[in-house]
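Encoded as C-alpha cells, the structure appears first; notes follow it.
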Amino acid sequence: MRLDIFTLFPEAFEWFSGQRHVQNAIREGHELRLLNYRDTTPLGAGQVDDAPYGGGAGMVMRVDVVDAALQHAYGDQRAGKRIVLLTPSGRLFDEALARELSEEPQLALLCGRYEGVDERVREHLATDAVSVGRYVLSGGELAAMVIADAVIRKLPGALGHAESAVEESFSEALAGGPEYPHYTRPPNYRGWNVPEVLMSGDHEGIRTWRLERSRERSD
Ligand code: SAM
C-alpha cells in the first residue's frame with residue numbers, strides 16, 4: 001500500500017513513523033508519505049486558508065490548496081484512489097472500515113485544521129469523509145494517526161506475530177466481539193488471582209474460557 005497523509009504538520013508524525021509495525025510495513029514494501037499542503041500551495045507566502053464566506057470565527061482551508069496538493073502527488077491519476085477527508089461529521093471509523101481501507105493499494109488521508117476544510121473538498125475531491133469519534137480535535141493529525149495505525153497493523157508483515165491481528169477485538173475469529181482478558185505473572189498479586197484454567201495447560205479449556213469471556217464482553 002502507498003499511504004499518503006496530507007497535513008500542515010508533518011513533524012507531528014515523527015514518533016508514529018518510527019513505530020515498529022510502521023517500519024516493518026515499510027520494510028515489506030509499503031510506503032508512507034507525509035505531504036505538506038504548504039509545499040504545493042498555489043498561493044503566495046505559503047497561504048493555505050481564508051476567511052469563511054458568510055462570516056464567523058476561524059479560517060477555512062482552501063479547496064484550491066488541497067486540490068494542488070493532490071495534483072502534485074497524483075497528477076491526473078486520481079481515479080480509483082481512496083481519498084479520505086478527516087472530519088468530525090464523517091462516517092464513524094471502525095474495524096470494518098479499517099479492514100476495507102487496508103485492502104486499498106493507495107490511500108490518502110486529508111488532515112484539516114482551523115475551522116475545517118472548504119466543503120467542496122468533501123463534495124468533489126474526497127471519496128470518503130471519516131470521523132474517529134463524535135468529538136472535535138484541533139486538527140486531523142491525531143485522527144490520521146488513529147486510522148493509519150489501525151490500517152497498517154492489518155498489512156501482512158507489519159506485526160511481529162501475525163496471529164496477533166487474526167485474533168483480536170472485533171476480528172472474525174472472535175465473531176466480531178471484543179477480545180478476552182489477558183493475564184501474566186505474578187499468578188497472585190495482592191490476593192488478585194489469575195484464573196486457574198489459564199495455568200492448567202488444558203488448551204481446549206483455555207479456548208472455551210476465552211470465547212466465553214469474549215461473548216460476555218459483547219453483551
Ligand atoms: N469546525 C469543525 C466542526 O465543528 O466540525 C471542526 C474543525 S477541527 C477544529 C479541525 C480539523 O480537525 C478538521 O477539519 C478535521 O480534519 C480534524 N478533526 C477534528 N475532529 C475530528 C474527528 N473527530 N475525526 C476526524 N477528524 C477530526
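When a ligand or atom number is given, it counts from 1 through the structure's own listing order. Everything numeric in this text was worked out from a predicted model, so none of it was measured. We use all heavy atoms of the structure for the numbers below, so side chains are in, but hydrogens, waters and symmetry mates are not.
- Residue contact check: Gly140 has heavy atoms under 4.0 Å from atoms 12 (O), 16 (O), 17 (C) of ligand 1.
- Checking atom 5 (O) of ligand 1 against the protein gives a heavy-atom contact under 4.0 Å.
- Counting only non-hydrogen atoms, the option in Ala144, Pro88, Gly116 that gets closest to atom 3 (C) of ligand 1 is Pro88.
- For ligand 1, the atoms closer than 4.0 angstrom to any heavy atom of Val136 are 6 (C), 8 (S), 9 (C), 20 (N).
- Interface atoms of ligand 1 facing Ala143, defined by a heavy-atom separation under 4.0 Å, are 25 (C), 26 (N).
- Closest to atom 24 (N) of ligand 1, if we only count protein heavy atoms, is Val132 N, 3.1 Å.
- A salt bridge links Glu100 with Arg91; the closest basic N to acidic carboxylate O contact falls under 4.0 Å.
- Under 4.0 Å from ligand 1, the heavy atoms of Thr87 that appear belong solely to its backbone.
- Classification of Glu141 and Arg113 as a salt-bridged pair holds, one side-chain N sitting under 4.0 Å from a carboxylate O.
- Contacts with ligand 1 closer than 4.0 Å are made by no heavy atom of Ser89, backbone or side chain.
- The shortest contact between atom 1 (N) of ligand 1 and any protein heavy atom is with Glu115 O, 2.8 Å.
- Against a heavy-atom cut-off of under 4.0 Å, Tyr114 is close to the following atoms of ligand 1: 7 (C), 8 (S), 9 (C), 10 (C).
- The atoms of ligand 1 that sit less than 4.0 Å from any heavy atom of Gly112 are 11 (C), 12 (O), 14 (O), 16 (O).
- Under a 4.0 Å heavy-atom criterion, Val130 is in contact with ligand 1.
- Taking 4.0 Å as the cut-off between side-chain N and carboxylate O, Arg215 and Glu212 do not count as a salt-bridged pair.
- The pair Asp128-Arg82 meets the salt-bridge criterion, with a side-chain N (NZ, NE, NH1 or NH2) lying under 4.0 Å from an Asp/Glu carboxylate O.
- Using a cutoff of 4.0 Å between basic side-chain nitrogens and carboxylate oxygens, Arg153 and Glu168 are scored as salt-bridged.
- Between Gln106 and Asp4, the side chains place no donor N or O within less than 3.5 Å of an acceptor N or O (distance only, hydrogens not considered).
- For atom 8 (S) of ligand 1, the closest non-hydrogen atom on the protein side is Leu137 O, 3.2 Å.
- The protein non-hydrogen atom at the shortest distance from atom 16 (O) of ligand 1 is Leu86 O, 2.6 Å.
- Two rings, from His72 and Tyr74, have their centers 6.0 Å or more apart.
- Atoms of ligand 1 lying under 4.0 Å from at least one heavy atom of Ser131, given by number and element, are 23 (N), 24 (N), 25 (C).
- No side-chain donor from either of Arg78 and Thr127 sits under 3.5 Å from a side-chain acceptor of the other.
- Remark: side-chain polar atoms of Ser131 are not paired, donor with acceptor, to backbone N or O of Gly90 under 3.5 angstrom.
- Within the 3.5 Å criterion, the main-chain N or O of Pro195 finds no donor-acceptor partner in the side chain of Asn193.
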